[in-house]
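Note: hydrogens, waters and symmetry copies are ignored here, and every other heavy atom, side chains too, is used. All residue numbers in this chain count up from 1 along the given sequence.
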Amino acid sequence: MSTSSTIELAAKDLNPQGGVFCPSPKADMKLWNSHPRVFLDVARTGQARCPYCGTVYALKAGEVVAHGH
């Protein structure tokens with residue numbers, strides 16, 4: 001059902017809340033042919049998996065998320 005993959009992100013790719021939305025252009029997805037838009041909190045643990053498609057969004061090695069903006 002899902003063709004899960006891992007999308008590596010730089011800290012600058014995260015929004016001010018420390019996450020990303022899936023589906024994402026970074027995952028080469030089009031909003032119109034995917035699933036409902038969901039927020040994934042990547043900053044909390046360094047990665048997050050979409051409950052719909054299984055795509056994992058993970059910080060690249062060495063990336064640090066600045067807290068307290």
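- For the pair Ile7/Thr55, a side-chain contact is recorded, criterion being any heavy-atom separation below 4.5 Å from C-beta on.
- At least one side-chain heavy atom of Ser24 sits under 4.5 Å from a side-chain heavy atom of Tyr57.
- Looking at Arg49, its side chain does come within 3.5 Å of a backbone N or O of Gly54 through a donor-acceptor pair.
- Here the side chains of Pro51 and Leu40 are in contact, with some heavy-atom distance below 4.5 Å.
- Proximity of Cys53 to His35: side-chain heavy atoms (C-beta onward) are separated by under 4.5 Å at one or more points.
- Cys50 places a side-chain heavy atom less than 4.5 Å from the side chain of Val38.
- In this structure the side chain of Val65 reaches within 4.5 angstrom of the side chain of Leu14, judged on heavy atoms.
- Looking at Glu63, its side chain does come within 3.5 Å of a backbone N or O of Ala11 through a donor-acceptor pair.
- Remark: Ala61 pairs with no residue by the side chain to side chain contact (heavy atoms under 4.5 Å, CB included) rule, at least two apart or across chains.
- If you chain together ILVMFWY residues whose side-chain heavy atoms come under 4.5 Å of each other, Phe39 ends up grouped with Phe21.
- Listed by chain and number, the residues in a salt bridge (Lys or Arg N to Asp or Glu O under 4.0 Å) with Asp13 are Lys26 (sequence neighbours excluded).
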